[in-house]
Protein chains: 2
Amino acid sequence: MTTMPTTDVPVVRELAERHGLPAEGGCAAAEATSEVRSVLDRVGDKWSVLILGMLSGGPQRFTELLHGIDGISQRMLTLNLRQLERDGLVSRTVHAVVPPRVDYALTDLGATLLPPVLALVDWALENTTTIRDHRDQFDARATSAG
Amino acid sequence: MTTMPTTDVPVVRELAERHGLPAEGGCAAAEATSEVRSVLDRVGDKWSVLILGMLSGGPQRFTELLHGIDGISQRMLTLNLRQLERDGLVSRTVHAVVPPRVDYALTDLGATLLPPVLALVDWALENTTTIRDHRDQFDARATSAG
DNA sequence: CCGTATCCTCCCCGATACTG
DNA sequence: CAGTATCGGGGAGGATACGG
């Protein structure tokens, strides 16, 4: 995440106040914003949502995730899992066996994040064609105009 | 956005099928995924959500957005607005006056995106302290371990 | 006022190779 | 099997200057 601008978006401020955050000076949202951003960043990540989706079906080991998510590299899987673990969204349990076995699972917190995210996915699916149409028209106008 | 992996995430597939997308061969989600990603990308953008939030209070002109969103550059504002306009989330109306006046507003489609996004923001605000605690504990363990 | 064009920097992330 | 270490290309995005 990058450095955070202190912004005063009405809707966010309203939400912030509803959650009992101090609204003095108009910088109410500012403090909360950095935390909000980190969540939105995660949703925007190329892989995080896919990982959470994978784990929604139950615990998975590292390699299962690696092969289940097409195109992800070991490195990125590790980094993403660490992030999710750090935020408490995913748990990591190491079994002391040979060969090593590590299971990843959604935490309760992680499970509560899923519905809002899926609502977004749902919206996207519902408006797929509408968006595509808009884009096509926009691009057509752009190229015809020059 | 980057090239899309064909992934078979159960939850997403389920949603895709609910929306009547062909589920043959297990690549059901794959086709829809690129559109889904573009939406998720927008949510993950540094500025898009803030812009949408700004416009939720009614139309705004370019400069109002520029000054209302702290830290954004002219360039990024323009780029983001073009993207949102291209997707049909935001409308751009030019008034033929001097000095030039351009108003940006949420479209109906854009307005329907707001609730899911705000649900996410709401989740983030609700779990701010929990997440922060997790992070602190994780970092503490990490540094103590080495 | 509302952009576009250009430059330039930083950091994300993929590829690859190596360890316990 | 489940990671870490290191390198390098490329894109995102800020600063600045200029145009309609």
Side-chain angles (χ1 to χ4, degrees), chain A residues 1-5 7 37-38 40-51 54-55 59-86 90-105 138 141-142 145-146, chain B residues 1-5 7 37-38 40-51 54-55 59-86 90-105 142 145-146:
Chain A
M1 210 197 32
T2 51
T3 54
M4 257 342 280
T7 307
R37 266 252 57 85
S38 69
L40 295 181
D41 285 343
R42 206 100 306 122
V43 171
D45 277 353
K46 190 175 176 182
W47 306 113
S48 295
V49 171
L50 291 175
I51 295 174
M54 273 273 147
L55 295 178
Q60 305 261 331
R61 33 194 315 190
F62 188 85
T63 332
E64 288 175 326
L65 291 170
L66 191 60
H67 294 100
I69 300 174
D70 192 280
I72 196 172
S73 64
Q74 262 192 1
R75 174 190 157 81
M76 278 303 104
L77 180 56
T78 303
L79 287 171
N80 275 279
L81 285 171
R82 286 291 170 280
Q83 276 292 278
L84 295 170
E85 189 195 357
R86 191 175 104 101
V90 158
S91 68
R92 175 176 180 270
T93 63
V94 185
H95 300 94
V97 294
V98 291
R101 177 193 182 93
V102 180
D103 279 340
Y104 291 91
F138 185 93
R141 279 195 299 268
Chain B
M1 208 198 32
T2 51
T3 55
M4 256 343 283
T7 307
R37 265 252 56 87
S38 69
L40 262 34
D41 284 342
R42 204 98 307 122
V43 171
D45 277 353
K46 192 175 177 184
W47 305 113
S48 294
V49 171
L50 290 175
I51 295 174
M54 272 274 141
L55 295 179
Q60 305 261 331
R61 32 194 316 190
F62 187 85
T63 332
E64 287 175 328
L65 292 170
L66 191 60
H67 293 99
I69 300 174
D70 192 280
I72 196 172
S73 63
Q74 262 193 359
R75 173 191 156 82
M76 279 302 105
L77 181 55
T78 303
L79 256 43
N80 274 279
L81 286 171
R82 286 292 169 280
Q83 276 292 285
L84 295 170
E85 189 195 357
R86 190 174 106 102
V90 158
S91 68
R92 174 175 181 271
T93 63
V94 185
H95 300 93
V97 296
V98 291
R101 177 193 181 94
V102 181
D103 279 341
Y104 290 92

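Just so you know, these numbers come straight off a predicted model, no measurement behind them. Every chain is numbered from 1, with letters handed out A, B, ... down the list of sequences.
- Computed from coordinates, the B:Leu79 CG to C:dA5 C1' distance equals 12 Å when rounded to whole Å.
- Mapping A:Pro100 and A:Ser73 onto DNA chain C via the closest heavy atom, the residue that lands nearer the 5' end is A:Ser73.
- Every side-chain hydrogen bond (donor to acceptor under 3.5 Å, both in side chains) that A:Gln83 has, sequence neighbours left out, goes to A:Arg42.
- The separation between A:Leu50 atom CG and C:dC13 atom P is 13 Å, rounded to whole Å.
- B:Leu65 places its CG atom 14 Å from the C1' atom of C:dG3, with the value rounded to the nearest Å.
- Using a 4.0 Å cut-off, no side-chain N or O of B:Tyr104 falls inside it from OP1 or OP2 of C:dC1.
- Here the nucleotide nearest the side chain of A:Pro99, chosen from C:dG3, D:dC1, C:dG14, is D:dC1.
- Residue A:His67 contributes atom NE2, which lies 14 Å from atom P of D:dG3 at whole-angstrom precision.
- Map A:Glu64 and B:Met76 each onto its nearest nucleotide of DNA chain D; the residue landing nearer the 5' end is A:Glu64.
- Side-chain contact between A:Met54 and A:Ile69: present, with at least one pair of heavy atoms (C-beta onward) separated by less than 4.5 Å.
- Side-chain N/O atoms of B:Trp47 include one lying less than 4.0 angstrom from OP1 or OP2 on D:dG14.
- With rounding to whole Å, A:Arg101 atom CZ is found 16 Å from D:dG3 atom C1'.
- Atom CG of B:Asn80 is separated from atom P of C:dG3 by 13 Å (rounded to the nearest Å).
- A search for side-chain hydrogen bond (donor to acceptor under 3.5 Å, both in side chains) contacts involving B:Ser91 returns nothing, not counting sequence neighbours.
- Residues passing the side-chain hydrogen bond (donor to acceptor under 3.5 Å, both in side chains) test with A:Gln60, sequence neighbours excluded: none.
- Applying the side chain to side chain contact (heavy atoms under 4.5 Å, CB included) criterion to B:Arg75, with sequence neighbours excluded, gives B:Ser73, B:Leu79.
- Rounded to an integer number of Å, the gap from CG of B:Leu77 to P of D:dA15 is 14 Å.
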Which atoms of nucleotides 4-11 of chain D (N or O only) lie under 3.5 Å from a protein N or O atom, and what are those distances?
| from | atom 1 | to | atom 2 | distance (Å) |
| --- | --- | --- | --- | --- |
| D:dT6 | O4 | A:Arg75 | NH1 | 3.4 |

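- Remark: A:Lys46 is not in phosphate contact with C:dC12, judged by side-chain N or O atoms under 4.0 Å from OP1 or OP2.
- For the pair A:Asp41 CG and D:dG13 C1', the computed distance is 14 Å after rounding to whole Å.
- A:Arg61 meets the side-chain hydrogen bond (donor to acceptor under 3.5 Å, both in side chains) test with no other residue; sequence neighbours excluded.
- Between the side chain of B:Arg37 and the backbone N or O of A:Gly44 there is at least one donor-acceptor pair closer than 3.5 Å.
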